[in-house]
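Heavy-atom basis, side chains included; hydrogens, waters and symmetry copies ignored. Proteins come first, then strands; the chains are lettered A, B, ... in the order of their sequence lines, and each starts at number 1.
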There are 2 protein chains.
Amino acid sequence: MTPAHNSTRHDRDGVARAALALLDEVGLADLSMRRIAARLDVQPSALYWHFASKQALLAELADRITAGIPRGDASVLDTARGIRDALFAYRDGAELVLSTYALRLGSSSAQTAVHDALVADGADSPHERAAAIMHFVLGHATLVQQRMHADSYGAVMADDEVGAEHDVTAGLDRVFDLGVTALTGVVSGATAPRRDRA
Amino acid sequence: MTPAHNSTRHDRDGVARAALALLDEVGLADLSMRRIAARLDVQPSALYWHFASKQALLAELADRITAGIPRGDASVLDTARGIRDALFAYRDGAELVLSTYALRLGSSSAQTAVHDALVADGADSPHERAAAIMHFVLGHATLVQQRMHADSYGAVMADDEVGAEHDVTAGLDRVFDLGVTALTGVVSGATAPRRDRA
DNA sequence: ACCTGAACACCGTTCAAGT
DNA sequence: ACCTGAACACCGTTCAAGT
């Protein structure tokens, strides 16, 4: 209906923004270079002026998704929740980051945020714990996000399955909190003075 | 050289075995129905007599990978290591299982094995902890396996990066043990009597 | 600086038809 | 019971050429 989209001539940022919006609509499996190009009213080959490869484009999308995590002095649990919610903010966001961040996770701002929160809590082995928490959050978020997508896609349950495991997603929230808390590993209420509302 | 492979006429098991062997050689990204068919000296369409879709074939491969986990009365840590090693036994095994098991993880023999080991250790909330441990193991194994692949693929480091983080993979083993131990959450050495070598 | 057009070497899947 | 042959609707990527 609307003639709207057809200025043909984009920059790197515009391509990334269109790709991110399309990801949210169609999911990672259906996010093709040709679909992104069509969305921009451009030939597929045009995308290769802005990005060297599809992998490079996906890496940029992963960076944009994780750029939305809150910084500053939050608890370890709140920091982890912030990361999880950033991954949830886009369809298949967790899977995309998981499959893209193998080499850069350690130097990611997400992991350093967790690390800093651990140090503030006086946790031992903050480096290892930060890595473990990131592995857990990424695994958890990927599984939950896949299940969300599969559930919304139908997958009709038998009558005796409905409600059998009494609300699945609420249980998954408990799993997340329990996991992060256990991995934080602060034993007593001692060691570091928490700077609440300084 | 060898004429060997050309009996043309296979069953479901033979197709799955060939696909699993090919996965180990080329990785998940290059595991196509057409490549599997070529390996079996068969047209791609022939595979659809044995499996309804590529997704169904991948699900079967995931089942075969996780079928290799040891059962019986091991500690939680040893059970988790067994699962991790089963995922490591095939190239991209962790990623394949992670992307396939969203809906069946809870009923998988892997998670029930962890659950049983937790109960034997007298851990509280064994259901939630078993889920958390599986999420952690799958996230961890996927990340580590990707890094292994990327590292072997070149990725030349600058001189000042070499050895900078003093052996990465050894550190990842420590992250795994710390993570599983923390998630097991047994506080004292009390509660359940460990049945060591009964 | 940014895009087109055409090509190359691939994909998963369906379906009538063969044996 | 298991496979072929042909087709359909797609992929990512390269590269000369245009503006």
Side-chain angles (χ1 to χ4, degrees), chain A residues 3-23 25-62 91-92 95-96 99-100 146 149-150 153-154, chain B residues 3-23 25-62 91-92 95-96 99-100 146 149-150 153-154:
Chain A
H5 49 78
N6 61 339
S7 13
T8 77
R9 192 132 285 203
H10 309 273
D11 54 9
R12 196 182 153 91
D13 180 67
V15 172
R17 293 168 73 92
L20 203 49
L22 193 55
L23 169 69
E25 291 173 26
V26 303
L28 191 54
D30 289 332
L31 185 71
S32 67
M33 296 297 268
R34 296 178 113 102
R35 288 250 242 169
I36 298 166
R39 168 68 69 107
L40 292 165
D41 277 321
V42 133
Q43 296 297 315
S45 52
L47 301 180
Y48 290 85
W49 198 91
H50 302 286
F51 292 94
S53 65
K54 185 184 185 182
Q55 189 52 46
L57 211 192
L58 294 180
E60 172 67 26
L61 299 190
R91 165 117 89 119
D92 294 331
E95 187 183 349
L96 174 57
S99 62
T100 295
Q146 273 172 197
H149 180 243
Y153 220 166
Chain B
H5 49 77
N6 59 342
S7 14
T8 76
R9 191 133 284 201
H10 308 273
D11 55 8
R12 198 182 151 91
D13 180 67
V15 172
R17 292 168 74 92
L20 202 49
L22 192 55
L23 169 69
E25 291 173 27
V26 304
L28 190 55
D30 289 333
L31 185 71
S32 67
M33 296 297 268
R34 296 177 113 101
R35 288 250 244 169
I36 297 166
R39 168 68 69 106
L40 292 165
D41 277 322
V42 134
Q43 296 298 317
S45 51
L47 300 179
Y48 289 85
W49 197 92
H50 301 286
F51 292 93
S53 65
K54 185 183 185 182
Q55 189 53 45
L57 212 192
L58 293 181
E60 172 67 25
L61 299 190
R91 165 115 90 121
D92 294 332
E95 186 184 349
L96 173 57
S99 62
T100 295
Q146 273 171 198
H149 181 242
Y153 220 165

Without decimals, in angstroms, what is the distance between [X] [atom1] and [N] [atom2]?
| X | N | atom1 | atom2 | result |
| --- | --- | --- | --- | --- |
| A:R35 | D:dC11 | CZ | P | 7 Å |
| A:L40 | C:dC2 | CG | P | 13 Å |
| A:D30 | D:dG12 | CG | P | 11 Å |
| A:L31 | C:dC11 | CG | P | 20 Å |
| B:Q55 | C:dC11 | CD | C1' | 16 Å |
| A:Y48 | D:dA16 | OH | C1' | 17 Å |
| B:I36 | C:dC11 | CD1 | P | 10 Å |
| B:H50 | D:dA1 | NE2 | P | 12 Å |

Kindly express the pairing pattern of DNA chain C in dot-bracket notation, using | wherever a base pairs with another strand and counting only Watson-Crick or G-U pairs under 3.5 Å. ||.|||||...|||||.||
Under the 3.5 Å rule, do the base of D:dC2 and the side chain of B:R9 count as making a donor-acceptor pair?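 Indeed, a donor on one side and an acceptor on the other fall under 3.5 Å apart.
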Suppose you measure atom C1' in D:dC11 against the same atom in C:dC8; what distance do you get, rounded to whole Å?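 Taking atom C1' in both D:dC11 and C:dC8, they lie 12 Å apart.
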Pairwise P distance, C:dC2 and D:dA17 [rounded to whole Å]: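 These two P atoms come out 22 Å apart once rounded.
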Heavy-atom check, side chain of [X] versus side chain of [Y], under 4.5 Å:
| X | Y | result |
| --- | --- | --- |
| A:V42 | A:V15 | no |
| B:D92 | B:L31 | no |
| A:E95 | A:H149 | no |

So B:T100 and B:L61, side-chain contact (heavy atoms from CB on, under 4.5 Å) or not? Walk me through it. CA-CA 10 Å; B:T100 295; B:L61 299 190; over 6 Å; no
If you only use heavy atoms from C-beta on, which nucleotide in [options] is closest to the side chain of [X]?
| X | options | answer |
| --- | --- | --- |
| B:S32 | D:dT13, C:dC11, C:dG5 | C:dC11 |
| B:W49 | D:dA1, C:dG12, C:dC2 | D:dA1 |
| B:K54 | C:dC3, C:dT13, C:dC11 | C:dT13 |
| A:A46 | D:dT13, C:dT4, C:dC2 | C:dT4 |
| B:Q43 | D:dT4, D:dT14, C:dG12 | D:dT4 |

Shortest non-hydrogen contact from [X] toward [Y]:
| X | Y | answer |
| --- | --- | --- |
| B:S99 | A:Q146 | CA-OE1, 3.4 Å |
| A:E60 | A:A16 | CG-CB, 4.0 Å |
| B:L57 | B:A19 | CD2-CB, 3.9 Å |

Look at A:S45 and D:dT14 and indicate whether a side-chain polar atom (N or O) is within less than 4.0 Å of OP1 or OP2.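 Result: no.
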Does A:H10 put a side-chain nitrogen or oxygen below 4.0 Å from OP1 or OP2 of C:dA1?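 It does not, given that no N or O in the side chain of A:H10 lies less than 4.0 Å from OP1 or OP2 of C:dA1.
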For B:E25, is there any backbone N or O sitting under 3.5 Å from a side-chain donor or acceptor partner on B:R91?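 At least one qualifying donor-acceptor pair exists.
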With nearest nucleotide decided by heavy atoms, which residue, A:R34 or A:P44, maps closer to the 5′ end of DNA chain C?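 With A:R34 and A:P44 compared, the 5'-side residue is A:P44.
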